[in-house]
Amino acid sequence: MPKEKLFGKTLNELIAVTKRVGLPGFAAKQVADWLYKKEILSIDEMTNLSKKARDILSADYEIGLYPPENVSESKDGTKKYLYKVLNNKYIETAYIPDDDRATICVSSQSGCKMGCIFCMTGKQGFQGNLTSNEILNQFRSMPEFRKLTNMVYMGMGEPLDNITEVLKTLEILTGEWGYGWSPTRITVSTVGLVSRIKYFLEKSKCHLAVSLHSPFDEERRQLMPVQRTNTIGQVLDIIRNFDFNSQRRVSFEYILFKDMNDTPRHIKELAKILNGIKCRINIIRFHPIPGSQFHSPDEQATISFREALNKKGILTTIRASRGVDIQAACGLLSTLEQNKS
Ligand code: SF4
């Protein structure tokens with residue numbers, strides 16, 4: 001029988017483990033310390049546990065870290081790693097260095113159920129939820145792990161569709177017994193799952209990013225089938241009524257599609273629906289995927305769109321395109337790898 005993985009367990013789960021194998025309660029904190037602060041690679045290195053305790057633990061458990069299978073490196077320094085999960089499926093993790101910041105973009109699922117029509121991961125269908133071990137292993141086993149300053153859950157999958165495992169990882173990242181990161185270094189993205197957003201906001205202090213892409217219901221429905229059952233109006237109501245502290249940020253992701261969602265009508269409607277919400281819009285350039293009918297507007301049109309929104313009082317930025325020479329669109333690299341195998 002495969003051994004259970006310790007890495008990715010919360011402190012409460014480690015307490016249950018130590019109880020199960022007959023170790024005293026305080027041993028859980030020691031194990032967490034070895035896993036998340038001292039960064040060991042084997043149970044045998046937990047030298048403040050007795051040899052007998054380590055042997056008992058090793059009988060049923062392992063640390064559970066594993067390296068990426070493959071890496072593609074862009075001219076701009078961005079890297080995309082492929083990790084193997086769920087019996088031969090591949091997920092993507094991006095490393096994005098930028099001056100004094102280094103951001104990791106992690107996947108939370110293999111494939112995705114949401115079916116956004118501009119997304120290669122959506123075309124893969126859904127293969128499974130990642131465990132907290134598989135999500136956090138992307139972070140810990142990335143060769144640049146020690147340089148990382150920020151983390152975004154914007155890779156493959158819809159994080160709030162795997163909320164239990166995602167929340168566990170946030171607990172480990174921000175817990176003082178874990179990595180001790182400030183929640184303001186972490187952003188979790190969502191298409192807007194109405195039944196999960198409030199829960200996420202209550203259970204974590206991390207930033208929230210909502211994929212918006214159109215302020216018009218019908219158009220958004222065409223781009224993102226989730227809009228049929230989870231409208232952006234419902235999402236905005238939840239955000240409007242939640243008490244955000246000054247540290248916490250809400251942003252809206254907006255992929256700009258030429259001659260579709262980049263018109264003055266869109267600017268006017270965006271200003272209308274976001275009225276009263278302290279937020280920012282991140283404009284994202286569309287990275288083409290095979291068979292897609294969409295195109296990205298040119299640089300000047302993108303800048304004009306940003307300026308028009310800024311004039312309307314909505315802080316708007318354009319996200320720099322990174323890794324365009326290494327299949328920047330999320331899901332492309334893993335699809336190619338899966339097709340190979
Ligand atoms: S954009 Fe995100 S939520 Fe939509 S299909 Fe792709 S991975 Fe899923």
Side-chain angles (χ1 to χ4, degrees), residues 80-83 85-86 89-94 96 103-130 134-135 138 151-163 165-166 169 186-197 200 206-214 217 219-232 234-235 250-257 260-261 281-294 296 319 321-323 327-338:
K80 261 201 182 185
Y81 289 98
L82 284 179
Y83 288 90
V85 293
L86 303 164
K89 300 292 178 204
Y90 287 94
I91 51 152
E92 298 174 14
T93 312
I96 310 157
T103 303
I104 177 174
C105 175
V106 292
S107 294
S108 55
Q109 296 180 314
S110 170
C112 187
K113 295 176 202 163
M114 301 300 140
C116 306
I117 63 164
F118 48 82
C119 171
M120 200 63 206
T121 303
K123 293 195 188 306
Q124 284 183 6
F126 178 65
Q127 280 126 23
N129 279 328
L130 302 189
E134 289 166 325
I135 298 171
Q138 298 166 60
M151 181 147 166
V152 294
Y153 288 68
M154 295 184 184
M156 300 170 73
E158 160 57 42
L160 299 194
D161 189 40
N162 185 17
I163 193 160
E165 297 302 301
V166 166
T169 62
I186 303 168
T187 302
V188 176
S189 160
T190 179
V191 286
L193 297 187
V194 170
S195 64
R196 306 277 168 89
I197 289 186
F200 163 77
C206 298
H207 296 317
L208 175 72
V210 177
S211 305
L212 179 53
H213 310 324
S214 174
D217 284 358
E219 191 174 70
R220 191 167 187 265
R221 227 184 339 258
Q222 283 168 21
L223 291 168
M224 306 167 72
V226 71
Q227 168 77 15
R228 288 185 202 135
T229 46
N230 296 251
T231 68
I232 193 65
Q234 291 171 298
V235 174
V250 183
S251 56
F252 293 92
E253 310 286 299
Y254 198 91
I255 303 179
L256 212 49
F257 300 110
M260 190 199 183
N261 64 356
I281 292 183
N282 268 323
I283 296 176
I284 303 170
R285 291 183 185 86
F286 175 60
H287 295 300
I289 59 169
S292 161
Q293 80 261 37
F294 297 114
S296 199
R319 183 178 303 156
S321 275
R322 301 294 302 266
Q327 318 285 3
C330 175
L332 255 182
L333 211 56
S334 57
T335 303
L336 291 174
E337 195 64 32
Q338 247 131 246

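As the structure lists them, so they are numbered: ligands from 1, and atoms in each ligand from 1. By convention here, the first residue in the shown sequence is residue 1.
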Query - Protein heavy atom at shortest distance from atom 4 (Fe) of ligand 1 - result: C116 SG, 2.3 Å
Report summary line: Here the atoms of ligand 1 under 4.0 Å from any heavy atom belonging to G115 are 5 (S)
Report summary line: Here the pair of heavy atoms bringing E219 nearest to S214 is OE1-OG, 2.6 Å
**Report entry** For the student: nearest non-hydrogen atoms of N162 and R196, plus distance
**Finding:** N-NH1, 4.5 Å
Report summary line: In this structure, atom 8 (Fe) of ligand 1 is nearest to the protein heavy atom C112 SG, 2.3 Å
Requested in this report: For Q109 and D161, test the side chains for any donor-to-acceptor distance below 3.5 angstrom and give the result as yes or no.
Outcome: yes
Query raised in the report: For the residue pair H213 and I255, what are the closest heavy atoms and their distance?
Result: ND1-N, 3.0 Å
Query raised in the report: What protein heavy atom sits nearest atom 2 (Fe) of ligand 1, and how far off is it?
Result: G157 O, 4.1 Å
**Report entry** Closest protein heavy atom to atom 6 (Fe) of ligand 1, given as residue, atom name and distance to 0.1 Å
**Finding:** C119 SG, 2.3 Å
Requested in this report: Identify, for atom 3 (S) of ligand 1, the protein heavy atom at the shortest distance, and state residue, atom and that distance.
Outcome: V191 CG1, 3.3 Å
Requested in this report: Give the ring-plane orientation class for F294 versus F257, where under 30° counts as parallel, over 60° as perpendicular and anything between as tilted.
Outcome: tilted
